[in-house]
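These notes are about the structure you will find just below.
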Protein chains: 2
Amino acid sequence: MTEPEAERAPLDPEMFDPVCPSPLAPFRVGDKWAPMVLRCLQDGPRRFSELKVPLGGVTAKSLTRSLRGLEQAGFVAREEHGGTERRVEYSLTPLGRGLLGALDAACEWTREHWDELIDAQEAGLSGTAGR
Amino acid sequence: MTEPEAERAPLDPEMFDPVCPSPLAPFRVGDKWAPMVLRCLQDGPRRFSELKVPLGGVTAKSLTRSLRGLEQAGFVAREEHGGTERRVEYSLTPLGRGLLGALDAACEWTREHWDELIDAQEAGLSGTAGR
DNA sequence: GTGGCTGGTTTCCGATCGGATACCGCCCTA
DNA sequence: TAGGGCGGTATCCGATCGGAAACCAGCCAC
């Protein structure tokens, strides 16, 4: 099992480079932020405000919508720790962990063919410019 | 190489069941019709009007947009056979064939976990109904 | 010359997506 | 009593998505 937060490394605020071209990847899961949320949860549960850090410009609304979607699909679990302080933690379900694995395979294919993808797209952009 | 159309089996008009729940699959490629278009091209080049058949309700506009997108990304090639009759054929590029293979792997994962996906989603729908 | 097939384009329209901004209750600390 | 952090909601807005319907040129057969 994973250690209780304090023992886990905090999320790297720059784990998603703002100029990263990942929107060009042909595979998509959920909405715009969903794949990154899954990635953020791979080392254990995370709090709402913890997730906002590496996700740069995400607004609370967008992050909430993304989390609700993942929760409804059964990929993410939301747990309210009703202690004296407010504390909500999100974690991967086993199904969500499996999805992340499958997504990794898709990412791997993308990485392997990245140069071809870029070249083909540039050729396509110039070749179909007039239509 | 593939035989010249007349020798290839025509596309099954019902190859995409209208009640097929594939929109529930977590992986998406391109726009709404793109994965089905790729699938239609796996046995060789197809004509525009040939593609419309198994794609049930697709409008010419939507199919055109989808094909242009795939062409621009370098997954599909468009060839105009300027003979006496008008004839346009769409085919997979090597890159597109590779994408279809990777997509197959994602589909396989989805098929393997289909029951879990359905169960989890139903639980999620009832569990988060009030939020 | 009229109609039909092919492979589209154009216009319009409603639905959805995603961001900006403001606001909220609850709890803690100073 | 005021302010700050947490975990959100509510409202508005512009951009994009996707379908319906109309229209089009080129070529064919009747």
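Chain naming here is simple, since letters A, B, ... match the order of the sequence lines and numbering starts at 1 in each. Worth saying up front: this structure is predicted, and the values here are computed from it rather than measured. Heavy atoms only: backbone and side chains are in, while hydrogens, waters and symmetry mates are out.
A straight line from CD of B:Glu71 to C1' of C:dG7 spans 14 Å, rounded to a whole angstrom. Between A:Arg68 atom CZ and C:dC17 atom P the separation is 16 Å, expressed in whole Å. Atom NZ of B:Lys61 is separated from atom C1' of D:dT16 by 11 Å (rounded to the nearest Å). Between the P atom of D:dG8 and the CD atom of A:Glu85 lies a distance of 14 Å, rounded to the nearest Å. What separates CG of B:Leu51 from C1' of C:dG8 is a distance of 13 Å, to the nearest Å. Atom CD of A:Glu89 is separated from atom P of D:dG7 by 9 Å (rounded to the nearest Å). Rounded to a whole Å, the CZ atom of A:Arg65 is 7 Å from the P atom of C:dC17. At whole-Å resolution of the value, CG in B:Leu63 and P in D:dA20 are 14 Å apart.
OP1 or OP2 of C:dG18 has not a single side-chain nitrogen or oxygen of A:Ser62 nearer than 4.0 Å. Residue A:Trp33 has no polar side-chain atom (N or O) positioned under 4.0 Å from OP1 or OP2 of C:dC17. Proximity of B:Thr59 to the phosphate of D:dA20: no side-chain N or O atom is located under 4.0 Å from OP1 or OP2. Listed pair A:Arg78 / D:dG7 fails the phosphate criterion, with no side-chain N or O lying under 4.0 Å from OP1 or OP2. For B:Arg86 and D:dC24, the shortest distance from a side-chain N or O to OP1 or OP2 is not below 4.0 Å. Residue A:Arg87 has no polar side-chain atom (N or O) positioned under 4.0 Å from OP1 or OP2 of C:dC27.
Rounding to the nearest 0.5 Å places OG1 of B:Thr59 at 7.5 Å from CZ of B:Arg65.
Within 4.0 Å (heavy atoms only), A:Lys32 reaches sugar-phosphate atoms of the nucleic acid but no base atom.
Aromatic ring pairs are classed by plane angle as parallel below 30°, tilted from 30° to 60° and perpendicular above 60°; the pair A:Tyr90 and A:Phe48 is tilted.
Although no hydrogens or angles enter the test, the distance criterion places a donor-acceptor pair under 3.5 Å between the side chain of A:Thr64 and the main chain of A:Ala60.
Each of A:Ala60 and B:Ser49 was assigned the nucleotide of DNA chain C with the nearest heavy atom; the assignment lying further toward the 5' end belongs to B:Ser49. Both B:Thr64 and A:Val58 lie close to DNA chain C; mapped to their nearest nucleotides by heavy-atom distance, the more 5′-ward contact belongs to B:Thr64. Mapping B:Asp31 and A:Lys52 onto DNA chain D by nearest heavy atom places A:Lys52 closer to the 5' end of the strand.
The A:Phe48 side chain lies nearest to D:dG7 when the options are D:dC27, C:dT6, D:dG7.
The two residues B:Trp109 and A:Leu95 come nearest to each other via the heavy atoms CZ2-O, 4.1 Å.
Contact check on B:Asp104 versus B:Arg39 returns a salt bridge, with a Lys/Arg side-chain nitrogen under 4.0 Å from an Asp/Glu carboxylate oxygen.
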